[in-house]
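Remarks on the structure that follows.
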Amino acid sequence: MSIRLTQIFGRHVLAPSPSDAEDLPLRPSSEAVPHDLIELLFFAYRDFVGDPDRILADYGFGRAHHRVLHFVQRRPGLTIAELLDILQITKQSLNRVLKELVEKGYIEQRTGRQDKRQRHLHTTPSGQDLALRLVRLQAKRINRALEGASPETAAIAARYLAALIDPAERPKVERLLDKA
């Protein structure tokens, strides 16, 4: 199998050459139901978010709080409109979660300098500490899963995850990853 440099969401990674991709194990047809992969995704997601869930419970927070903290910490100054677009949740759902995070001192809202109607979100030192604590748990799990894997295996995993994203959403996700 030959390896070449390819791009996934604008990042250069090592991956099998297109001619070798035919040798990779694939499902016999796109209509087959890959129950094993579906269930593996359920279990992987359960455990991936389970570590942070236990910590968040101590704060009275849930997964929505985690997602908000994560993206605000990664993109200081993010507007509420941008966060709604990333999370694809209702304004009402975001307002409830955001209100708790602001009241408990994990996120602060700053009025826009150019547009006073905009609110820019920033983690406080406590919010940044919690967000980093949670991401370190998840990074540890990912790094453990990739331990000993070849660069092409990591590239295949990244391509697979990217392919699960709705095609219409991929450009937006690519832009978000480029900014991070």
Considering all heavy atoms of both residues, which atom of [X] and which atom of [Y] are nearest to each other, and what is their separation?
{"X": "Ser126", "Y": "Gly105", "answer": "CB-O, 3.9 Å"}
{"X": "Ala131", "Y": "Leu69", "answer": "CB-O, 4.0 Å"}
{"X": "Arg133", "Y": "Tyr59", "answer": "NH1-OH, 3.4 Å"}
{"X": "Val102", "Y": "Gln109", "answer": "CG2-NE2, 3.5 Å"}
{"X": "Leu84", "Y": "Ile89", "answer": "CD2-O, 3.5 Å"}

Do you reckon [X] sits in the same ILVMFWY cluster as [Y], going by side-chain contacts under 4.5 Å, direct or chained?
{"X": "Ile142", "Y": "Tyr45", "result": "yes"}
{"X": "Leu161", "Y": "Leu40", "result": "yes"}
{"X": "Ile80", "Y": "Tyr106", "result": "yes"}
{"X": "Phe71", "Y": "Leu137", "result": "yes"}
{"X": "Val72", "Y": "Val49", "result": "no"}

[Y] backbone acceptor or donor facing [X] side chain under 3.5 Å:
{"X": "Arg170", "Y": "Ala163", "result": "yes"}
{"X": "Arg67", "Y": "Leu87", "result": "no"}
{"X": "Arg75", "Y": "Leu176", "result": "yes"}
{"X": "Gln138", "Y": "Phe48", "result": "yes"}
{"X": "Thr79", "Y": "Gln118", "result": "no"}
{"X": "Asp85", "Y": "Ala81", "result": "no"}

Open item on the list: Before you tell me yes or no, could you show the steps for Gln92 and Thr90 under side-chain hydrogen bond (donor to acceptor under 3.5 Å, both in side chains), namely the whole-Å CA-CA distance, both residues' side-chain angles and the distance that decides it to 0.1 Å?
Closed with: CA-CA 5 Å; Gln92 182 180 2; Thr90 65; 5.2 Å; no
Open item on the list: So, applying salt bridge (charged side-chain N to carboxylate O under 4.0 Å, His left out) with Asp115, which one of Arg117, Arg113, Arg119 is it?
Closed with: Arg117
Task: Carboxylate-amine/guanidinium proximity below 4.0 Å for Asp51 and Lys140 - done: no
Gap between atom [atom2] of [Y] and atom [atom1] of [X] - 0.5 Å precision:
{"X": "Arg110", "Y": "His120", "atom1": "CZ", "atom2": "NE2", "answer": "10.0 Å"}
{"X": "His65", "Y": "Ile107", "atom1": "NE2", "atom2": "CD1", "answer": "9.5 Å"}
{"X": "Asp36", "Y": "Leu41", "atom1": "CG", "atom2": "CG", "answer": "10.0 Å"}
{"X": "Gln73", "Y": "Leu78", "atom1": "CD", "atom2": "CG", "answer": "12.0 Å"}

Open item on the list: Can you tell me how the ring of His66 sits relative to the ring of His70, calling it parallel under 30°, perpendicular over 60° and tilted otherwise?
Closed with: perpendicular
Task: Verdict with supporting geometry, Ile55 and Leu130, side-chain contact (heavy atoms from CB on, under 4.5 Å) - done: CA-CA 9 Å; Ile55 291 170; Leu130 179 56; 4.0 Å; yes
Open item on the list: Are the side chains of Leu134 and Phe61 in contact, using a 4.5 Å heavy-atom criterion?
Closed with: no
Open item on the list: As a quick check of understanding, evaluate salt bridge (Lys or Arg N to Asp or Glu O under 4.0 Å) for Glu169 and Lys172, giving each step before the final call.
Closed with: CA-CA 5 Å; Glu169 289 293 308; Lys172 180 172 63 175; 2.7 Å; yes
